[in-house]
Amino acid sequence: MAVLDLDPRTPVVVGVGQWSERLGGPGYRRLSAVDLAAAAAREALGDTLADQSAVAAAVDTVAGVRQFETSAPGATAPLGRSTNFPRSVARRVGAAPARAILEVSGGQGPQHLVNELAATIAAGSCDVALIFGAEAISTVRHFAGAPDRPDFSETVEGDLEDRGYGLEGMVSRFQAAHGLTGAPSQYALFDNARRARLKQSRQEYAAGMGALFAPFTKIAAANPHAAAPTERTAAELVTPTERNRMIAEPYTRYVVAREKVNQGAAVLLMSVTAARRLGVPEHRWVFLPGHADLRDRDLLDRADLGTGPASIMAARHALEVAGIGVADLLTIDLYSCFPIAVFNVCDGLGLSADDPRGLTVTGGLPFFGGAGNDYSMHAIAETVQRLRSAPGSYGLVGANGGMLSKYSAGVYSTTPGEWRPDRSAALQAEIDAWPGVEQAVQADGWGTIETYTVRHRREGDRVGIVVGRLEADGRRFLARTEDSDTRMLDLLSTGEPIGRRVYVRSFDAVNRVTTGDSPMGGLRR
């Protein structure tokens with residue numbers, strides 16, 4: 001399709017920007033998350049090659065991605081924070097938007113906002129939208145207790161569409177009572193279940209995780225915005241050492257998302273009409289021919305704990321809407337907070353872990369940096385820049401949130417094309433209709449292990465977490481080990497625990513699990 005034939009409401013990405021700084025690095029300025037996001041937003045405005053002031057004045061909608069310090073009840077902000085993050089950023093870049101959005105928590109946020117606001121532009125309810133996010137976690141943690149710490153507090157007036165935390169189904173008191181709180185332990189359940197399904201040994205699977213992520217480190221090492229620009233071998237990534245300690249089996253520190261970053265990114269969307277009016281050259285335009293947003297069932301409701309089918313469906317549907325296949329992609333960036341997030345989509349799309357195109361354009365969350373909920377904004381920025389250098393090509397961004405549960409996918413291209421609605425709502429209804437798994441909140445009796453992990457604390461002690469099925473009725477249970485039950489902990493840390501027979505007993509708030517060889521009387525009510 002020729003550009004002249006486009007519907008004037010067709011949404012286009014016209015600007016992207018990134019900004020970063022490292023503690024003690026050249027030009028380090030102790031920037032807040034607001035300042036980092038604003039710096040990235042200015043880059044995005046300038047990336048249009050149009051009059052920056054005029055473009056900023058035309059912004060009618062701004063949308064911000066939450067920082068970790070605003071992503072959960074009780075989260076603290078040791079250096080202070082803005083009362084209205086989106087409008088704080090808008091004010092710094094000279095924008096006075098009618099609408100300001102603060103998105104829900106989750107790494108799907110950047111791509112979801114692009115999908116949503118592109119549709120809003122296509123519907124005629126928005127003309128120019130600026131989307132941004134940032135994290136200054138490295139700076140905040142470094143200066144939290146310092147006498148000369150900066151003050152990032154600011155109060156900004158103006159309407160704010162605060163969408164809330166969006167944590168429903170992510171974690172519960174029941175899960176917390178069993179030690180299943182942090183992301184590493186929950187994602188480890190998926191990777192261990194996948195390993196057992198593939199019938200791989202621990203050593204084989206660890207080697208596969210290392211082989212998956214070693215190419216990511218090479219890309220991060222060449223990325224000026226990367227928080228950990230160090231190339232590492234596959235063996236180095238998965239071999240436990242003092243610096244690369246075990247976090248939650250099978251994860252060592254090097255293969256989990258790195259949250260200590262100072263990074264910001266922004267994306268500028270507008271209608272074709274606005275792009276022409278503001279003088280944005282057509283060679284800056286990038287289209288969104290494919291998109292999808294889906295959410296999986298809650299963790300313990302899923303039939304198969306070794307996969308995330310909704311994520312796969314979202315990626316497939318985005319490609320379907322774009323009218324292309326995996327082979328047509330020039331670039332791919334799959335959210336990589338943990339290995340399973342990449343493996344899962346690769347399994348579903350038929351991608352090899354060593355695909356010569358690579359599976360990241362940034363270096364990935366463990367090496368480029370897991371900029372809170374905002375990582376995929378950087379992936380979008382990198383994708384847009386690469387596609388501009390290869391007109392007619394396509395790039396896929398897969399953004400994961402929650403516990404392998406919320407997934408937003410986008411296909412980008414410089415090839416002109418009108419907006420195509422997706423069928424995410426119909427697919428979501430299909431997912432919601434999938435039968436759940438009956439659960440035993442209070443579990444007593446013999447059962448078998450479905451999946452597991454062992455959390456390793458810095459102090460050296462271990463906590464085992466087991467998901468299993470009761471022999472009596474097949475109901476799923478969640479249980480944890482007794483701290484002193486070294487026999488059960490050793491069973492989980494060696495050989496193949498999945499499929500092993502164990503004994504579980506319920507207490508007031510928690511189920512305890514032990515081996516069949518241990519005295520059952522040791523589990524006292």
- ring-ring contact (aromatic ring centres under 6.0 Å, His included) filter on Y165, not counting sequence neighbours, yields none
- Just by distance, with hydrogens left out, do D293 and Q428 show a side-chain donor and acceptor under 3.5 Å apart? no
- Task: Please name all residues satisfying ring-ring contact (aromatic ring centres under 6.0 Å, His included) with Y187, sequence neighbours left out, ordered by chain then number.
- Result: F338
- What are the two closest non-hydrogen atoms of K199 and E204, and how far apart are they? O-OE1, 4.2 Å
- Task: Only pairs at least two apart or in different chains count here, so list each side chain to side chain donor-acceptor pair (under 3.5 Å) that has a residue in residues 331-343.
- Result: D333-T360, D333-Y375
- Query: Does one side chain, of E249 or S493, offer a donor that lies under 3.5 Å from an acceptor on the other?
  - Reply: yes
- What salt bridge (charged side-chain N to carboxylate O under 4.0 Å, His left out) pairs are there with at least one residue in residues 174-195, not counting sequence neighbours? R194-D347, R195-E496
- Query: Can you name the residues that form a salt bridge (charged side-chain N to carboxylate O under 4.0 Å, His left out) with D432, not counting sequence neighbours?
  - Reply: none
- For A176, the side-chain contact (heavy atoms from CB on, under 4.5 Å) test, sequence neighbours excluded, returns T181
- Taking only residues two or more places apart in sequence or in another chain, which ones pass ring-ring contact (aromatic ring centres under 6.0 Å, His included) with H178? F174
- Message: Please tell me whether S82 and N84 have a donor and an acceptor in their side chains that are separated by less than 3.5 angstrom.
- Response: no
- Test item: I312 and T307 side chains (from C-beta on) under 4.5 Å apart, heavy atoms: yes
- Task: Decide side-chain contact (heavy atoms from CB on, under 4.5 Å) for R197 and D304; before the verdict, give the C-alpha distance in whole Å, the side-chain angles of both, and the deciding distance to 0.1 Å.
- Result: CA-CA 10 Å; R197 186 183 75 234; D304 184 350; 4.0 Å; yes
- Task: Check salt bridge (charged side-chain N to carboxylate O under 4.0 Å, His left out) between R469 and all other residues, then give those that pass, not counting sequence neighbours.
- Result: E450
- Message: According to side chain to side chain donor-acceptor pair (under 3.5 Å), who are the partners of S405, at least two apart in sequence or on a separate chain?
- Response: none
- Item | salt bridge (charged side-chain N to carboxylate O under 4.0 Å, His left out) pairs, two or more places apart, involving residues 162-185 | R66-D162, E103-R163, E116-R163, E161-R163
- If we only count heavy atoms from C-beta on, is the I431 to M313 side-chain gap below 4.5 Å? yes
- Is it true that D473 and R476 make a salt bridge, defined as a side-chain N closer than 4.0 Å to a carboxylate O? no
- Query: Mind checking what makes ring-ring contact (aromatic ring centres under 6.0 Å, His included) contact with H291, not counting sequence neighbours?
  - Reply: W419
- Item | Nearest-0.5 Å distance, OG1 of residue T481 to CG of residue L492 | 7.0 Å
- Task: Could you list the residues that satisfy salt bridge (charged side-chain N to carboxylate O under 4.0 Å, His left out) with R141, not counting sequence neighbours?
- Result: E259
